[in-house]
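Right, one structure below, let's go through it.
All heavy atoms count here, side chains included; hydrogens, waters and symmetry mates do not. Order of the sequence lines fixes the chain letters, A, B, ..., with proteins taken first and strands second; residue numbering starts at 1 for each chain.
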Amino acid sequence: MEAKQLHQPASSHSPIYHAILQAGPRLKPLQQVHARIVITGLGRSRSLITKLLSFAYAATSPITYTRRLFLSIPEPDTFLFHSLITLTSKFNFPQESLLYYRRMILANISSTNYTFSAVIKSSADLRTFNTGETIHCHVLICGYGLDSYVQAALVSFYAKWGQLWIARKVFDKMPEKTVVAWNSMISGYEQNGFGKEAIALFYLMQDLGVKPDSTTFVSLLSACAQLGAVGLGCWVHEYIVRNCFDLNVVLGTALINMYSRCGNVSKAREVFDSVEEKNIVAWTAMISGYGMHGHGSQAIELFSEMRVLGPRPNNVTFVAILSACAHAGLVSEGRQIFASMRQEYGLEPSVEHQVCMVDMLGRAGHLNEAYQFIRDMVSKEPAPAVWTAMLGACKMHKDFDLGVEVAEHLLSIQPENPGHYVMLSNIYALAGRMDRVEKVRNIMIRNRLKKEVGYSTIDVDQKIYLFSMGDKSHPETNEIYLYLDELMSRCREAGYVPASESVMHEVEEEEKEHALRYHSEKLAIAFGLLKTSPGVAIRIVKNLRMCEDCHTAIKHISVVSNREINIRDRLRFHHFKDGSCSCQDYW
DNA sequence: GTAGGGTTAG
């Protein structure tokens with residue numbers, strides 16, 4: 001007993017050790033204790049400095065201070081390295097974490113599964129792929145290749161890098177797949193835009209009897225949001241309620257986002273109201289939900305409420321609220337909010353906010369003001385995204401001269417972006433300059449630039465079906481096309497006139513109407529109408545923006561089929577009902 | 001003592 005006490009660091013009983021504990025993770029008090037340590041000549045005590053350092057990281061102290069503390073220790077030991085690496089990883093100092101890892105190797109101290117999982121997380125955070133790969137080698141050499149903690153960290157590392165194939169390989173090799181490993185893989189798919197794969201992996205997890213936890217559902221709900229998988233999304237919500245999961249703010253926000261992106265903004269609001277400790281992310285998600293649906297005044301109302309009794313808005317919040325104003329035509333409100341960013345909150349507007357402003361002014365038809373805004377606000381060369389917003393406004397309001405000027409400028413600064421060529425050619429087509437359309441088309445072919453392929457998805461009975469333009473891969477293709485043809489002729493009888501101006505120029509003239517008729521959203525709608533009962537609303541998610549012709553056609557379809565049709569395109573929602581759209585053609 | 005999660009313009 002006595003011998004044991006002798007081996008314990010004497011300082012753990014010392015008043016100064018208690019003083020460190022009392023200071024806790026607060027920089028100023030820690031520095032005061034540090035001064036005492038130096039004065040009393042204990043500055044070289046490893047255990048005191050180790051404790052001091054761990055609190056310093058928890059207090060997110062300046063790197064210069066923590067580094068100097070570290071350097072004051074003559075011979076750092078295993079315990080010090082291990083605590084430093086795990087702490088820096090946990091408190092998001094990935095650079096420091098890797099630095100200590102290197103120092104540890106130089107000091108000839110070996111890693112454990114604790115340090116490995118921490119340092120792998122750090123290299124994922126830092127986005128240093130080579131370092132991560134090297135550490136993976138170290139893991140294998142040191143014999144931790146089958147440790148479930150280390151493997152889960154590796155899965156998430158590779159997934160963060162978009163190396164899903166390697167992530168999956170590590171995952172598949174795990175002898176014991178913990179729920180964390182499943183979650184890492186599911187979230188990896190979701191964050192790389194593979195919502196379908198994320199959902200498939202969840203079903204596999206279910207089949208194997210692995211119990212999901214709240215993190216599983218957060219990722220799963222994001223996948224549902226991405227795909228518009230409202231059926232599964234609702235099932236998850238019911239499951240959460242039935243199994244008495246705690247509706248914490250992260251899970252709540254995932255639900256809010258899922259409901260808004262799946263078209264049910266009032267349900268999103270219900271969830272929002274029921275979340276107890278709402279933080280800035282939850283508020284922003286809800287504001288963005290209103291914005292996406294064109295409910296600008298509700299977005300502003302919520303934003304005002306937040307200013308009074310919620311957390312401080314951040315840059316993301318301002319993007320969400322300004323975009324809401326843009327999509328609802330609330331120009332003067334948007335101007336005021338933009339001004340308040342700097343005046344009241346000291347936030348410097350960034351490119352995203354400039355884009356929102358140009359978009360807002362441009363949509364509302366204030367093209368000159370939008371152009372002036374770019375000249376006044378943006379000091380150096382404006383970001384391409386700002387010009388893209390300006391170009392969209394020119395196209396919308398058919399200002400060909402300005403549109404061509406902007407498009408040509410965009411092409412000169414970003415010649416590799418196919419989207420700009422598409423816009424330019426569309427503007428030429430609208431102006432009837434078919435010779436120019438042809439020219440742009442040839443440049444695209446010469447430079448092998450391809451337009452992004454459009455697709456639409458629809459959720460029927462908790463299954464997601466994907467359609468692309470002219471798609472014939474579906475087993476019931478014939479039935480779908482026949483039905484669509486019939487539907488379109490009924491629309492024509494009801495007054496619909498197909499337009500061909502918005503067809504992409506790579507399509508040959510004689511195929512134009514054909515192509516328009518089989519745009520992916522129309523195929524998905526036909527399928528939805530065939531597969532669901534009368535009265536059931538059709539919900540579609542499209543990856544690109546809808547063309548003007550589809551927008552008109554779908555208004556007619558909502559009449560002749562007597563159905564509500566909700567489409568989420570790249571930018572926002574369109575709720576079609578009785579021949580009109582919720583965006584009031586303001587898109 | 002470890003690993004995994006939610007919001008953002010065009």
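If you check every strand for non-hydrogen atoms under 4.0 Å, A:Asn279 touches a base. Nucleic acid contact class of A:Val358 (heavy atoms, under 4.0 Å, all strands): none. A:Thr178 comes within 4.0 angstrom of a nucleotide base, judged by non-hydrogen atoms across all strands. As judged by a 4.0 angstrom heavy-atom cut-off over every strand, A:Asp359 is placed among residues touching the sugar-phosphate backbone only. Across all strands, A:Thr86 comes closer than 4.0 Å to base atoms (heavy-atom distances). Residue A:Lys121 is classed as a sugar-phosphate contact, given heavy-atom separations below 4.0 Å to backbone atoms only. Note on A:Asn248: a base of the nucleic acid sits closer than 4.0 angstrom, heavy atoms only. Among the heavy atoms of the strands lying under 4.0 Å from A:Ala385 is at least one base atom, whether or not backbone atoms are also near. At the heavy-atom level, A:Ser288 lies under 4.0 Å from the strands shown only through sugar-phosphate atoms.
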>> What verdict does the side-chain hydrogen bond (donor to acceptor under 3.5 Å, both in side chains) test give for A:Ser122 and A:Asp125, after you've listed the backbone C-alpha separation in whole Å, the side-chain angles of each residue and the deciding distance to 0.1 Å?
In response: CA-CA 5 Å; A:Ser122 297; A:Asp125 290 343; 5.5 Å; no
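Applying the salt bridge (Lys or Arg N to Asp or Glu O under 4.0 Å) rule to pairs touching residues 323-339 of chain A yields A:Arg335-A:Glu369, sequence neighbours excluded. For the salt bridge (Lys or Arg N to Asp or Glu O under 4.0 Å) condition, no pair includes a residue of residues 283-294 of chain A, sequence neighbours left out. Sequence neighbours left out, the pairs with a member in residues 254-273 of chain A that pass salt bridge (Lys or Arg N to Asp or Glu O under 4.0 Å) are A:Lys267-A:Glu270, A:Arg269-A:Asp273. For the salt bridge (Lys or Arg N to Asp or Glu O under 4.0 Å) condition, no pair includes a residue of residues 189-204 of chain A, sequence neighbours left out.
Residues forming a side chain to side chain contact (heavy atoms under 4.5 Å, CB included) with A:Ser304 (at least two apart in sequence, or on another chain): A:Ile300.
When the nucleotides B:dG5, B:dG1, B:dG6 are ranked by their closest atom to the side chain of A:Ser219, B:dG5 comes out on top. Comparing B:dA9, B:dG5, B:dT7 by their closest approach to the side chain of A:Thr284 singles out B:dT7. Listed nucleotides B:dG1, B:dA9, B:dG10 differ in distance to A:Arg363; the shortest reach to its side chain belongs to B:dG10. Between B:dA3, B:dG5, B:dA9, one nucleotide has an atom nearer to the side chain of A:Cys356 than all others, and that is B:dA9. In the set B:dA3, B:dT8, B:dG6, the nucleotide with an atom closest to the side chain of A:Ala152 is B:dA3.
For the pair A:Phe338 CZ and B:dA9 P, the computed distance is 16 Å after rounding to whole Å. Between the NE2 atom of A:His420 and the P atom of B:dG10 there is a distance of 15 Å, given to the nearest Å. A straight line from CG of A:Asn314 to P of B:dA9 spans 13 Å, rounded to a whole angstrom. Atom CZ of A:Phe81 is separated from atom C1' of B:dT2 by 19 Å (rounded to the nearest Å). A:Leu544 places its CG atom 13 Å from the C1' atom of B:dG10, with the value rounded to the nearest Å. One can place CE of A:Met357 at 15 Å from C1' of B:dG10, the figure rounded to the nearest angstrom. Here the P atom of nucleotide B:dG5 and the CD1 atom of A:Ile256 are 19 Å apart, to the nearest Å. Atom pair A:Phe318:CZ and B:dG10:C1' shows a separation of 20 Å (rounding to whole Å applied).
Taken residue by residue, residues 51-58 of chain A places no heavy atom nearer than 4.0 Å to DNA chain B. For DNA chain B, the residues of residues 209-217 of chain A within the heavy-atom distance limit of 4.0 Å (strictly under) are A:Asp213, A:Ser214, A:Thr215, sorted by number.
Residue A:Asn113 places no side-chain N or O under 4.0 Å from the OP1 or OP2 atom of B:dT2. Phosphate proximity of B:dG6 to A:Gln191: present, with a side-chain N or O under 4.0 Å from OP1 or OP2. An OP1 or OP2 oxygen of B:dG10 is reached within less than 4.0 angstrom by a side-chain nitrogen or oxygen of A:His327. Contact check, A:Arg261 against B:dT8: a side-chain N or O comes under 4.0 Å of OP1 or OP2.
By the neighbour-count criterion of 12 heavy atoms within 6.0 Å, atom CD of A:Glu277 is sparsely surrounded, having that number or fewer from other residues, nucleotides or ligands.
One distance of note links OG1 of A:Thr284 with NZ of A:Lys278; it measures 13.0 Å at 0.5 Å rounding.
Aromatic ring centres of A:Tyr239 and A:Phe217 lie closer together than 6.0 Å.
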Solution key, residues 84-92 of chain A side-chain donor-acceptor pairs under 3.5 Å, sequence neighbours excluded:
from    : atom 1 : to       : atom 2 : distance (Å)
A:Thr86 : OG1    : A:His82  : O      : 2.8
A:Thr86 : OG1    : A:Ser83  : O      : 3.1
A:Thr88 : OG1    : A:Leu84  : O      : 2.7
A:Thr88 : OG1    : A:Ile85  : O      : 3.1
A:Ser89 : OG     : A:Ala118 : O      : 3.0

Let me have the donor-acceptor pairs involving side chains of residues 155-165 of chain A, under 3.5 Å, with sequence neighbours excluded, atom names and distances please.
from     : atom 1 : to       : atom 2 : distance (Å)
A:Tyr158 : OH     : A:His136 : ND1    : 2.7

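Side chain A:Thr388 to base B:dG10: no donor-acceptor pair is found below 3.5 Å.
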